[in-house]
Amino acid sequence: MDAGVQMVALGFTAVIAIVLAALAFVNFRNFKKRNDMLNRAHEMTGNANGYITDLETVYRRNRSFRWKNEIPVITYRVDGRDYKVKMDFAEKRAGQYSLGGSYHVCYIPSDPSCSIVEEFRKPLQSSRTRALVGTVALCLFVFNCVCGIVMQLGTLFM
């Protein structure tokens with residue numbers, strides 16, 4: 001193969017590896033955030049009633065359809081102060097959530113901003129699992145790209 005073509009292939013593989021590494025980093029950050037929250041669940045001895053005070057609309061589409069999903073924002077009060085938790089992993093089609101819906105919130109008494117809404121614990125756990133599986137899969141692809149780059153460099157300079 002021509003050296004110029006090999007350099008183009010090498011550059012293309014490097015760009016793909018960088019993009020996949022960035023996606024793996026984002027997935028890992030999501031996993032870490034959800035994992036930290038779930039690992040601190042045993043410290044969450046405080047209880048409060050939370051209410052859906054806002055529904056954030058997210059527009060989704062595929063090749064044929066467009067639709068609206070909603071992400072609930074739950075507000076709860078601790079010691080006269082309001083705290084909000086955005087449930088981005090609990091996204092559902094529009095109309096599934098209603099404003100004012102009541103939910104049980106567990107929080108850490110020393111840090112009330114760290115909380116879990118009991119009804120959304122299972123979606124949080126599956127979101128954590130999906131983030132971990134995605135991170136591992138993307139890391140395998142990055143490893144494959146890096147191995148390909150090393151092999152291309154080996155054949156280029158031999």
Side-chain angles (χ1 to χ4, degrees), residues 8-9 11-109 111-149:
V8 169
F12 184 70
T13 306
V15 168
I16 289 174
I18 290 169
V19 169
L20 291 176
L23 289 173
F25 176 74
V26 168
N27 255 358
F28 180 72
R29 204 172 58 182
N30 284 337
F31 164 75
K32 185 85 171 112
K33 182 174 89 173
R34 285 156 173 65
N35 192 49
D36 290 345
M37 192 182 312
L38 285 168
N39 282 343
R40 295 189 73 188
H42 68 280
E43 300 175 40
M44 297 181 184
T45 57
N47 294 307
N49 285 326
Y51 301 95
I52 295 180
T53 55
D54 191 21
L55 292 171
E56 194 172 291
T57 303
V58 181
Y59 296 95
R60 301 286 183 216
R61 63 180 278 185
N62 62 18
R63 286 184 163 179
S64 305
F65 301 102
R66 294 181 186 174
W67 64 93
K68 288 193 287 188
N69 283 355
E70 293 174 336
I71 298 172
V73 177
I74 297 176
T75 303
Y76 57 100
R77 183 174 284 263
V78 176
D79 296 330
R81 185 168 175 215
D82 286 340
Y83 293 92
K84 290 185 178 192
V85 58
K86 181 179 169 185
M87 312 301 283
D88 58 345
F89 53 85
E91 180 179 320
K92 287 188 178 179
R93 288 271 174 117
Q96 296 292 318
Y97 297 113
S98 59
L99 287 175
S102 178
Y103 293 94
H104 179 242
V105 180
C106 295
Y107 62 90
I108 299 174
D111 182 16
S113 63
C114 186
S115 64
I116 289 182
V117 179
E118 280 301 317
E119 288 84 348
F120 295 111
R121 184 182 295 263
K122 237 181 187 158
L124 178 62
Q125 289 170 334
S126 36
S127 175
R128 173 184 65 172
T129 303
R130 281 193 310 270
L132 179 61
V133 169
T135 301
V136 169
L138 287 167
C139 286
L140 288 173
F141 285 125
V142 169
F143 180 74
N144 189 16
C145 287
V146 169
C147 287
I149 290 170

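Note that the numbering runs from 1 along the sequence shown for the chain.
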(request) Using a 4.5 Å cut-off on heavy atoms from C-beta on, say whether the side chain of C114 contacts that of R40. (result)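 Result yes, sub-4.5 Å side-chain heavy-atom pair found.
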(message) Could you tell me if the side chain of T45 sits less than 4.5 Å from the side chain of P109, heavy atoms only?
(response)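 Contact flag for P109/T45 side chains = yes.
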(message) Counting only heavy atoms not in D79 (residues, nucleotides, ligands), do more than 12 fall under 6.0 Å from its CG?
(response)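 Count not over threshold, so no.
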(request) Answer yes or no: does atom OH of Y83 have more than 12 heavy-atom neighbours from other residues, nucleotides or ligands under 6.0 Å? (result)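 Atom OH in Y83 is packed in, count exceeds 12.
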Taking salt bridge (Lys or Arg N to Asp or Glu O under 4.0 Å) as the definition, give me every residue that meets it alongside [X], ordered by chain and number, with sequence neighbours left out.
X   : result
D82 : R77
E70 : none
E56 : K86
K92 : none

(message) Strictly distance-based, threshold 3.5 Å: is any side-chain N or O of T13 a donor or acceptor partner for the main-chain N or O of A9?
(response)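 Checked: pair present.
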Just distance, no hydrogens or angles: give the donor-acceptor pairs under 3.5 Å from side chains in residues 16-32, sequence neighbours left out.
{"residue": "K32", "atom": "NZ", "partner": "D36", "partner atom": "OD1", "Å": "3.3"}

(message) Give me the atom names and distance for the closest heavy-atom approach of T57 to K68.
(response)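 Between these two residues, the closest heavy atoms are CG2-CD, 3.7 Å.
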(request) Could you please spell out the steps behind the side chain to side chain contact (heavy atoms under 4.5 Å, CB included) verdict for T75 and D54? (result) CA-CA 9 Å; T75 303; D54 191 21; over 6 Å; no
(request) With sequence neighbours excluded, give me every side chain to side chain donor-acceptor pair (under 3.5 Å) pair touching residues 128-145. (result)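 Residue pairs with at least one partner in residues 128-145: N35-R128.
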(message) Side chains of S115 and Y76: any donor to acceptor distance under 3.5 Å?
(response)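 Short answer, yes.
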